[in-house]
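Naming: A, B, ... by sequence-line order, numbering from 1 per chain. All values reported here derive from a predicted model rather than from experimental measurement.
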2 protein chains.
Amino acid sequence: MDRDSLVAAVARQGAAVRELKKNGGAAADITAAVVELNALKAQLAAMAEPAGPVLNKKALEDLLLRKMFVVPSFEIYGGVGGFYDFGPPGAALKGNLLNAWRRHFLMEDDVLEIECTNIMPEVVLKTSGHVDRFTDLMAKCTKSGECYRADKLVEDFIENLLAKNASTLTAAEQEKHRLVATKAESLTPEEMHAVIKEYGILSPGHGAELSFPMPFNLMFKCHIGPEGTHVGYLRPETAQGIFLNFRRLLEYNAGKVPFGCAQIGNAFRNEIAPRNGLVRVREFQQAEIEWFVHPEDKSHAKFSLVADQVLTLFPKNLQLTTGKTVQMTVRDAVAQKIIANESLAYYLARTSAFVQTIGIDMERVRFRQHLDTEMAHYACDCWDLEIQLSSGWVECAGHADRSCYDLQVHAAKSKVEMVGTLKYDAPRAVDVVDIKVNKGKIGKAFKADMAFINKGLDALAADDAAAMAFEAALAANGTADLVVDGRTFGLARDMWSAKKVTKNVSEEKFVPSVIEPSFGVGRILTAVFEHTFYAREGDEKRGVMAFPPAIAPIKVAVLPLSTAKEFTPVMVSLEKELRSRGIAVKSDASSVAIGRKYARVDELGVPFGVTIDFETAVDQCVTVRERDSCAQMRVPLAKVPDYLDRLVRGSLSWADLAKEYKLIEAKKEE
Amino acid sequence: MDRDSLVAAVARQGAAVRELKKNGGAAADITAAVVELNALKAQLAAMAEPAGPVLNKKALEDLLLRKMFVVPSFEIYGGVGGFYDFGPPGAALKGNLLNAWRRHFLMEDDVLEIECTNIMPEVVLKTSGHVDRFTDLMAKCTKSGECYRADKLVEDFIENLLAKNASTLTAAEQEKHRLVATKAESLTPEEMHAVIKEYGILSPGHGAELSFPMPFNLMFKCHIGPEGTHVGYLRPETAQGIFLNFRRLLEYNAGKVPFGCAQIGNAFRNEIAPRNGLVRVREFQQAEIEWFVHPEDKSHAKFSLVADQVLTLFPKNLQLTTGKTVQMTVRDAVAQKIIANESLAYYLARTSAFVQTIGIDMERVRFRQHLDTEMAHYACDCWDLEIQLSSGWVECAGHADRSCYDLQVHAAKSKVEMVGTLKYDAPRAVDVVDIKVNKGKIGKAFKADMAFINKGLDALAADDAAAMAFEAALAANGTADLVVDGRTFGLARDMWSAKKVTKNVSEEKFVPSVIEPSFGVGRILTAVFEHTFYAREGDEKRGVMAFPPAIAPIKVAVLPLSTAKEFTPVMVSLEKELRSRGIAVKSDASSVAIGRKYARVDELGVPFGVTIDFETAVDQCVTVRERDSCAQMRVPLAKVPDYLDRLVRGSLSWADLAKEYKLIEAKKEE
């Protein structure tokens with residue numbers, strides 16, 4: 001049975017079991033049906049997540065450390081959990097990746113880019129909700145005082161429980177436990193406490209009782225200025241800086257909405273349990289775009305350009321039912337309201353196209369919608385780009401519709417208006433309530449109580465229905481009672497009046513909604529590492545990083561065949577020629593064999609190698625080698641820089657070049 | 001009298017005064033001579049710092065804010081001193097500047113680049129000396145509790161004093177006050193207190209007494225992890241991360257010294273008194289290179305390439321005597337030991353070349369050597385790149401010889417060896433002391449005291465002279481006293497012996513010295529802003545940023561003459577063509593006059609403009625305009641992208657293009 005048939009069989013058998021139970025079937029029949037269902041589910045589970053290519057994780061980790069792609073920070077002092085440095089090839093890879101991101105997302109759509117500070121004063125993050133709500137539940141070991149993230153304790157405990165009791169637990173029991181694990185992240189302290197008690201979870205380090213779980217704020221706190229009274233935080237996301245600058249950005253963009261603004265920069269989260277390399281760290285880099293749109297018109301001008309693209313989607317209803325992803329076009333996903341609007345869908349499509357260009361295996365990519373229970377406090381819809389890594393499916397980018405939450409709260413707190421203006425094509429007739437206040441009369445009547453009166457009148461002015469009701473009372477009785485903070489003031493007919501009028505208005509003010517694609521740069525890099533790493537066939541020890549040329553940290557290796565002095569001038573002039581074109585080069589003039597030199601640059605993911613040999617002086621040619629095929633061509637020295645330039649920039653393909661020069665068969669390199 | 005003659009006259013008159021005093025000249029004669037000296041000095045002072053071009057600072061600041069080059073962070077909440085955001089053109093300018101820096105310094109010399117974390121654990125910065133010594137003296141207003149930087153209070157007070165009493169103070173008095181101001185930065189708390197008392201300096205805010213000055217650490221402190229016990233700091237410089245990675249970097253570089261490693265990133269200093277825009281901020285960006293060299297061989301392989309370059313130097317002896325800079329070749333500066341070594345000199349020369357390419361006026365650039373009293377705790381020689389800004393001469397980059405301070409302290413604290421290896425061309429005969437220890441005998445004799453004994457023997461092993469003296473004592477008496485921590489142990493002849501032997505050694509280990517060019521990115525940007533800003537002749541209101549094309553945030557403006565629909569396809573295809581080449585474009589299809597469009601893009605420093613007009617449909621040509629000359633040419637549309645590409649990359653000059661196409665005279669644009 002293939003996978004899809006199996007899914008259908010599970011669904012049918014599940015329906016049969018429910019039918020039996022509902023109709024009061026015999027216990028033996030129900031048991032038999034459930035056994036059958038479990039057997040089908042087990043078959044499906046074995047198939048469900050087609051395992052990606054086998055990854056030799058130890059070999060990859062060894063390479064990444066040895067070649068200084070990523071190294072633990074403060075390593076000579078034993079390191080600190082959740083902090084990593086990028087060594088030379090890692091930093092270059094990251095830089096190239098971000099430049100590719102800029103060209104793909106920003107230049108293409110005229111998105112602005114700004115750079116804000118890492119430290120922010122408390123008022124910003126209090127207003128955004130992070131001071132109160134950016135927390136994880138923490139449970140303390142009552143013996144050692146060590147702190148643990150409570151949801152992770154529960155998840156780990158249940159994973160372990162399921163693994164150990166796979167044969168004895170019924171499918172329904174397994175399902176029940178799994179649901180607890182899935183929901184662990186969104187439990188209240190009380191609920192979490194109950195779960196910990198119910199499962200009897202103890203501290204992993206000492207097997208001791210755990211404290212009552214308490215919220216722990218994930219922001220790093222500091223003090224600004226010498227007085228020690230001004231609290232600041234390291235930003236937990238780059239987005240806030242963009243919201244704060246909204247007004248100026250809108251002006252910079254000549255007042256036009258929609259428009260986007262991006263920021264690439266550090267964010268900081270004082271994780272309770274950093275783990276999994278770059279996946280959960282305390283200091284990381286984000287690349288975020290805030291795309292501002294009219295809240296009632298989230299269409300996208302370039303939607304038609306991506307509408308036919310096919311995405312692998314994992315909507316929330318499927319997560320809770322079949323557990324299966326679905327492939328569909330962007331157009332269908334929006335038409336069927338699976339993705340809420342064009343702008344959100346546009347960015348899912350663009351993200352999908354982006355990760356493909358940086359070497360991610362699209363078979364291991366899906367977009368998962370957040371369950372209602374896991375949504376961040378500011379979001380109304382959210383789709384994660386998930387990439388399958390050796391540790392499972394990992395969120396590498398989020399795509400959230402933050403609605404107008406952030407602009408609204410900052411505007412309210414700062415008293416700075418943050419709105420866009422929609423100019424109508426033609427003036428529109430709009431019903432409005434026109435209020436007239438006789439300040440002189442009111443002033444004379446209420447003198448000392450004017451603060452109350454003004455508050456009451458402001459409330460009426462802000463609520464059309466209330467104003468018209470007050471008008472009706474005045475019209476009927478000649479007076480009406482204005483109640484403010486428990487006090488009552490009798491207003492007379494000649495002090496205040498309201499009437500409905502129709503006005504022609506030519507524009508409206510609105511608080512824009514925000515569509516936010518947000519990339520975790522370290523996670524994307526981890527995916528690139530895992531999806532591009534492989535070992536040469538027949539030689540497990542020869543690792544290769546198959547970075548696409550656009551993001552490879554070093555583009556060309558210049559490799560003299562030996563230490564013979566005659567090779568030096570050719571090497572130096574080739575280096576110079578390539579560098580003048582901005583191409584990163586690495587030479588290896590050491591005495592090791594050429595096969596060993598290739599092996600070294602393969603580990604760095606250098607896409608093209610140039611070998612200078614004794615023939616070069618004779619034929620003025622060098623050998624150019626392509627990393628993944630190991631195929632070689634003999635190319636005139638004079639033409640090599642230009643060819644390499646074009647190969648690296650993608651305007652010439654290896655196959656095209658092979659039409660011009662004879663391909664030398666790949667042979668075993670030693 | 002020209003400036004140089006005046007300097008000589010001052011020197012001669014000064015000598016005459018000293019001569020008179022020394023020889024007990026008549027009071028009247030001395031007074032007359034001093035008056036003459038003061039008059040000469042006053043003349044010189046008026047000439048001494050030739051004022052740069054007049055800068056309309058208000059107009060520049062208005063432009064920078066309005067066009068979002070730099071805006072105060074958290075502006076809607078009133079801002080916080082010392083924090084600035086870079087808006088779209090500012091961020092792009094900075095990005096381009098850093099890429100130019102990378103190509104100039106890193107690619108050219110094969111310098112590695114890494115990226116480390118902003119948060120560092122206490123042990124790193126305690127070891128580096130920053131926890132104890134990275135402080136400013138702070139004085140508190142005894143009335144309001146406001147904190148002030150004590151040295152700035154003194155400097156401001158004296159500046160004010162000198163300005164107010166210019167006519168009444170003698171030159172000698174002025175000199176004395178100036179010296180106090182110059183040295184204020186390096187005073188101890190007691191000395192600072194004395195100065196504040198002597199001058200009667202009060203708090204600027206309330207005119208109240210100031211507290212005794214206390215050292216205030218400029219690092220932002222935070223806590224890592226949930227327990228709240230693990231102290232961390234935001235790095236005050238990017239350099240430390242490089243030192244921590246030294247061992248891996250050396251290995252990455254195949255063990256070869258010299259080599260360099262760079263880092264571009266944020267640094268944080270909790271300034272007591274942030275001021276002067278981007279010049280003194282609390283969060284800023286550094287671009288630092290650590291160039292590791294053999295401590296006894298600081299020559300540089302590429303020195304000959306810069307030796308003829310002429311630098312404007314301001315060595316410490318001239319600062320304390322003539323106050324005059326001197327121009328000399330790099331070769332002479334090293335030969336005359338004005339600059340301590342080739343590596344340091346190489347980087348001064350490279351920095352000088354770099355700032356020239358980014359639009360800095362070289363007439364307002366000098367390299368000032370640190371006085372012995374102002375050197376950072378880790379440095380043994382230091383030269384600042386100073387650029388004359390409207391606020392005076394400002395340090396924009398430092399070039400420090402940090403000796404081996406950092407590697408040494410980190411190696412000692414972490415117990416990780418951080419050394420390079422120098423392989424000799426031929427083995428060298430070296431005298432060494434060979435020590436033999438009879439552990440069995442010693443063990444039996446001292447059992448419980450072995451910790452003391454080992455400590456004592458280690459000390460002998462580390463000190464050849466002490467070892468040979470101990471050997472002499474054993475040889476003479478058969479026993480010798482080993483004194484450890486106040487306790488004495490009698491060692492016998494058969495327990496320990498030492499002798500001098502000659503060994504052939506083929507290599508040596510050494511702790512590298514570090515030459516560090518360190519750029520303050522925000523300060524460099526400030527200099528670029530001030531040195532490139534000007535107003536169009538005859539129109540004070542039309543500001544222009546004359547950024548060189550390489551760093552201009554936007555390279556090309558595409559400007560349809562009007563809103564006529566026929567211009568749109570030309571504009572769109574030109575935009576697309578240019579963007580596909582990675583060229584940043586800005587279009588303006590609004591209805592304002594073309595002169596106004598030019599004015600807008602001039603403010604953004606866009607070097608080239610392309611106007612599409614009604615003729616374009618007829619002749620398939622567009623008008624290309626150069627920003628600073630306002631000169632225009634009519635160029636075929638098909639050729640424009642390629643020309644612009646080359647103009648922007650600098651492989652084609654405007655003058656060269658003008659040979660091919662008729663130059664249209666610059667005319668007044670409205």
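The contact between B:Met418 and chain A is made entirely by side chain atoms (from C-beta outward), counting heavy-atom distances below 4.5 Å.
B:Asn245 and A:Asp85 share a side-chain donor-acceptor pair at under 3.5 Å.
At a threshold of 4.0 Å, the pair B:Arg579-A:Glu108 does not count as salt-bridged, since none of the basic side-chain nitrogens sits closer than that to a carboxylate oxygen.
For CE of B:Met571, the number of neighbouring non-hydrogen atoms (other residues, nucleotides, ligands) closer than 6.0 Å is greater than 12. By the neighbour-count criterion of 12 heavy atoms within 6.0 Å, atom NZ of A:Lys140 is sparsely surrounded, having that number or fewer from other residues, nucleotides or ligands.
Residues B:Lys415 and A:Ile76 fail the side-chain proximity criterion, which asks for heavy atoms closer than 4.5 Å.
With respect to chain B, the highest number of heavy-atom pairs below 4.5 Å among A:Gln263, A:Glu75, A:Arg247 belongs to A:Glu75.
Using a 4.5 Å cut-off between non-hydrogen atoms, the part of residues 98-106 of chain B that approaches chain A consists of B:Arg103.
Of all heavy-atom pairs spanning B:Ile119 and A:Phe74, the tightest one is O-CZ, 3.2 Å.
For the pair B:Lys221 and A:Phe220, the cation-pi criterion (under 6.0 Å, within 45° of the ring axis) is not fulfilled. Seen from the ring of A:Tyr77, B:Lys126 does not count as a face-on cation partner, given the 6.0 Å and 45° thresholds.
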Worked check of side chain to side chain contact (heavy atoms under 4.5 Å, CB included) between B:His230 and A:Val80: CA-CA 10 Å; B:His230 192 168; A:Val80 177; 3.9 Å; yes
